[in-house]
There are 2 protein chains.
Amino acid sequence: MTRKRVSIPTPAPEPTPAPSIPRKPTMQDVANVAGVSLKTVSRVVNNEPNVESATAARVQAAIQEMGFRRNEIARSLRPGQTTSTLGLVTEDISNPFYSSLARGIEEVARGRGCLVIAGSSEEDALREKELVNTLLQRSVDGLLVVPAAGDHTYLNAQRISEPVVFMDRPPEGIQADMVLLDNRGGAYQAVEHLIARGHSRIAFVDGHPYVHTGLERMNGYRQALAAANITYDRSLVVVGCHDPQQAEQATLNLLKLPNPPTAIFATNNRLSIGVLKGLTSSGKWLDLAGFDDFELADMLPFEVTVVRYDTIQMGRVAAEMLFARLDGDTSPPQTRIIEVEVVVRGPGRVGLPSGY
Amino acid sequence: MTRKRVSIPTPAPEPTPAPSIPRKPTMQDVANVAGVSLKTVSRVVNNEPNVESATAARVQAAIQEMGFRRNEIARSLRPGQTTSTLGLVTEDISNPFYSSLARGIEEVARGRGCLVIAGSSEEDALREKELVNTLLQRSVDGLLVVPAAGDHTYLNAQRISEPVVFMDRPPEGIQADMVLLDNRGGAYQAVEHLIARGHSRIAFVDGHPYVHTGLERMNGYRQALAAANITYDRSLVVVGCHDPQQAEQATLNLLKLPNPPTAIFATNNRLSIGVLKGLTSSGKWLDLAGFDDFELADMLPFEVTVVRYDTIQMGRVAAEMLFARLDGDTSPPQTRIIEVEVVVRGPGRVGLPSGY
DNA sequence: TTGTATGCGTTATCAA
DNA sequence: TTGATAACGCATACAA
């Protein structure tokens, strides 16, 4: 039988004398104090019609007095109810790229009354899978995932009914909604820019060689070279730089080549920083272009060309795609591309590029 | 009566012919398929003893086959159960300071099997209050809050039983656990450093004049001056700079003073950047010290002294304080101070300071 | 070793 | 306009 808490204002002593632990008030508690039924309280809380205003006022007073808060956990247990919660899986939330994504997602989610549960995968496929599982166990309404390298077919096994939107990189092995940067176009434009400045020996400094973003940026690089009838020179390509230190060393090595480059394209901002350090320490200066903008670029003692984009907007777009699915969109998986722009940063540049 | 789903392997048609919407499998569904009772499935899922290995294997097989995932929402509804979820309220998750806090919190939370629900208050007291309320409605086990300006006694009204740890700034009107930076000490050391370099006219560029961190940094500034018998000069103090542009303008104004400063202390990194721009555009160079480290500082064409600290560690400490409360610590509210260090950044500096 | 009954706090159904 | 009652999916106490 359902527990009925005492309906007199002062609680009668429980059978077990343990009154010192104050439970959170429930609708039943409010109902007892207000002298109505549980259902009436529910009606008031949910602004349902058919409650006499005097009754509603009495209930409201009790709610205020007792500090009642509806238990969303219990509410969402009912069939057909949602948790109004989205799950977010990134590599590392302290990375500004991912935290900006989170920001955009949160903005859109807030507009829909949703909160975001976030977790970091550490770029580990197993950890990502566990995280997705954990989030699904908590009945998130949908998932936003920056996929780690590795197979994602586990999401496909028609076991998961919640919509998923991937960000930044496509998942392996499944068709799904995703939001990507225009990696190829950005690299193309940046290299084209270097070519327009008269360079024909342009080095390419990359991180992990098999990551989608890196491959696409490489494609853009090669296409820009080809469009200008510049022969692709394998000796100017360095891959596998995983931190600024390695990019710095790679830069020094490039400078020592018999026929060194006259410009460098770096595929992300951490590598750009390493290249900058290498150039600085060697005392030479080559034209540099890099993917990703970075803070303080205008304060540098030399010009740097960067490929920039609106990461927060990328998060917004991803969240909007997810909500479209939650709203019933059953069209085939879609890919949205976020535009990028090439901007020259460096001394004498006043202010920030438009839209920043 | 409890719904009992059919116990034959092939589901019999429901009374209502709506088989096209696949429900998520429940323990009861698994039990039906495995031919055991719900409780036995529960035992297997929770690794309880007293299950014959053959039975357990049958249940495991059914779980795999059906893609069963325990519903954590339902589990946490039972009395005495927690949600293993922490609530995090910051001003803006895309701000690297807050996302680093989030990262440290997440690390510790993960070690305890907890996830983090994050929300941004936009530095708005009302929004913060709503966010706290929303998080409590979702039965978070505890809260981590960067308090917006405004009264926080609403948390005190003995209505909330969950522990709260404040970060970066103390809440107003209540006693609670908190983790703060050594704002005063950092400012003191930075100004002391400028004094040691021979400066006695040191400007102070600040943001909002009544924020705790700003006040403490001002205290450190004044104490360092006093310790060196330097008279506090009101004309060198600029407050109310809310963005780099205003700090840039403030710098230009300072340079135009009849008796201008020879060094500047900026109370946060956004203001430092503004000051840097002001100095650059004016073509003059003063010694600069600032609170908060910033990326690329070593690439600048001049030296900058920064007050740096480990934000991720700050998040870890906050989370550990929260878990201590969740573990039953009922000692009086505590304040933990995160140490800071003064580091000179700029040309010729090789690598990063230790611990970075 | 396994199963039955009950209730967590809410919403939905249906009756009063 | 109100209220009694039955789920939701799980875990807990207790029985078999």
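Here the structure is a predicted model, which is why all the values come from computation and not from measurement. Atom set for the values below is all heavy atoms of this structure, side chains included, hydrogens, waters and symmetry mates excluded. Just so we're on the same page: letters track the sequence lines, and every chain starts at 1.
- Nucleic acid contact class of N71(B) (heavy atoms, under 4.0 Å, all strands): sugar-phosphate only.
- Across the protein-nucleic acid pair, Q81(A) atom CD and dG9(D) atom C1' stand 15 Å apart, rounded to whole Å.
- Listed nucleotides dC10(D), dG3(D), dT10(C) differ in distance to A74(A); the shortest reach to its side chain belongs to dT10(C).
- Which of dC8(C), dA11(D), dT1(C) sits closest to the side chain of P79(B) comes down to dC8(C).
- Contact annotation: T40(A) does not reach the phosphate of dT2(D) (side-chain N/O to OP1 or OP2, under 4.0 Å).
- Note: CG (N46(A)) to C1' (dG9(C)) measures 12 Å, nearest angstrom.
- Atom CD in Q137(A) sits about 13 Å away from atom C1' in dC10(D), given to the nearest Å.
- At least one donor-acceptor pair under 3.5 Å links the side chain of D29(B) to the backbone N or O of T26(B).
- If you measure from atom CE of M27(B) to atom C1' of dA11(D), you get 8 Å, rounded to the nearest angstrom.
- Summarising the geometry, atom OG1 belonging to T82(B) is positioned 8.5 Å from atom CG belonging to L326(B); distances are rounded to the nearest 0.5 Å.
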Q: For the pair R103(A) and E106(A), evaluate salt bridge (Lys or Arg N to Asp or Glu O under 4.0 Å) and give the outcome as yes or no after the intermediate values.
A: CA-CA 5 Å; R103(A) 165 64 192 224; E106(A) 192 208 332; 5.4 Å; no
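- The distance between atom CZ of R78(B) and atom P of dC8(D), rounded to the nearest whole Å, is 16 Å.
- When heavy atoms are screened at a 4.0 angstrom cut-off, E72(A) is found touching no nucleic acid atom at all.
- In the set dT4(C), dT1(D), dT2(C), the nucleotide with an atom closest to the side chain of K39(B) is dT4(C).
- Distance CZ (R138(A)) to C1' (dC8(D)): 19 Å, rounded to an integer number of Å.
- Between Q28(B) and dC8(D) there is no side-chain N or O to OP1 or OP2 distance below 4.0 Å.
- In this structure, M66(A) places its CE atom 14 Å from C1' of dG9(C), rounding to the nearest Å.
- A close approach under 4.0 Å does occur between a side-chain nitrogen or oxygen of S37(B) and OP1 or OP2 of dG3(C).
- Side-chain N/O atoms of R43(A) and base N/O atoms of dG3(D) include a donor-acceptor pair closer than 3.5 Å.
- One finds the CZ atom of R316(B) at 4.5 Å from the CD atom of E107(B) (value rounded to the nearest 0.5 Å).
- Closest contact between the side chain of T55(B) and the listed nucleotides dT2(C), dA11(D), dA4(D) involves dT2(C).
- Nearest-nucleotide mapping onto DNA chain C: of F68(A) and L38(B), the residue sitting toward the 5' end is L38(B).
- The side chain of L77(B) approaches dG9(D) more closely than any other nucleotide in the set dC10(D), dT10(C), dG9(D).
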Q. Salt bridge (Lys or Arg N to Asp or Glu O under 4.0 Å) between D141(B) and R112(B): does it pass, once the steps are laid out?
A. CA-CA 12 Å; D141(B) 297 338; R112(B) 303 278 301 234; over 6 Å; no
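- Counting any heavy atom pair closer than 4.0 Å across all strands shown, V45(A) reaches no nucleic acid atom.
- Contacts of R75(A) with the nucleic acid, taken as non-hydrogen atoms under 4.0 Å apart, involve only primed sugar atoms and P, OP1 or OP2.
- An OP1 or OP2 oxygen of dA11(D) is reached within less than 4.0 angstrom by a side-chain nitrogen or oxygen of S42(B).
- Screening K39(A), Q60(A), R58(A), M27(A) for a side-chain contact (heavy atoms from CB on, under 4.5 Å) with V44(A), the sole residue that qualifies is Q60(A).
- In this structure, the CD atom of E48(B) is 8 Å from the P atom of dA11(D), given to the nearest Å.
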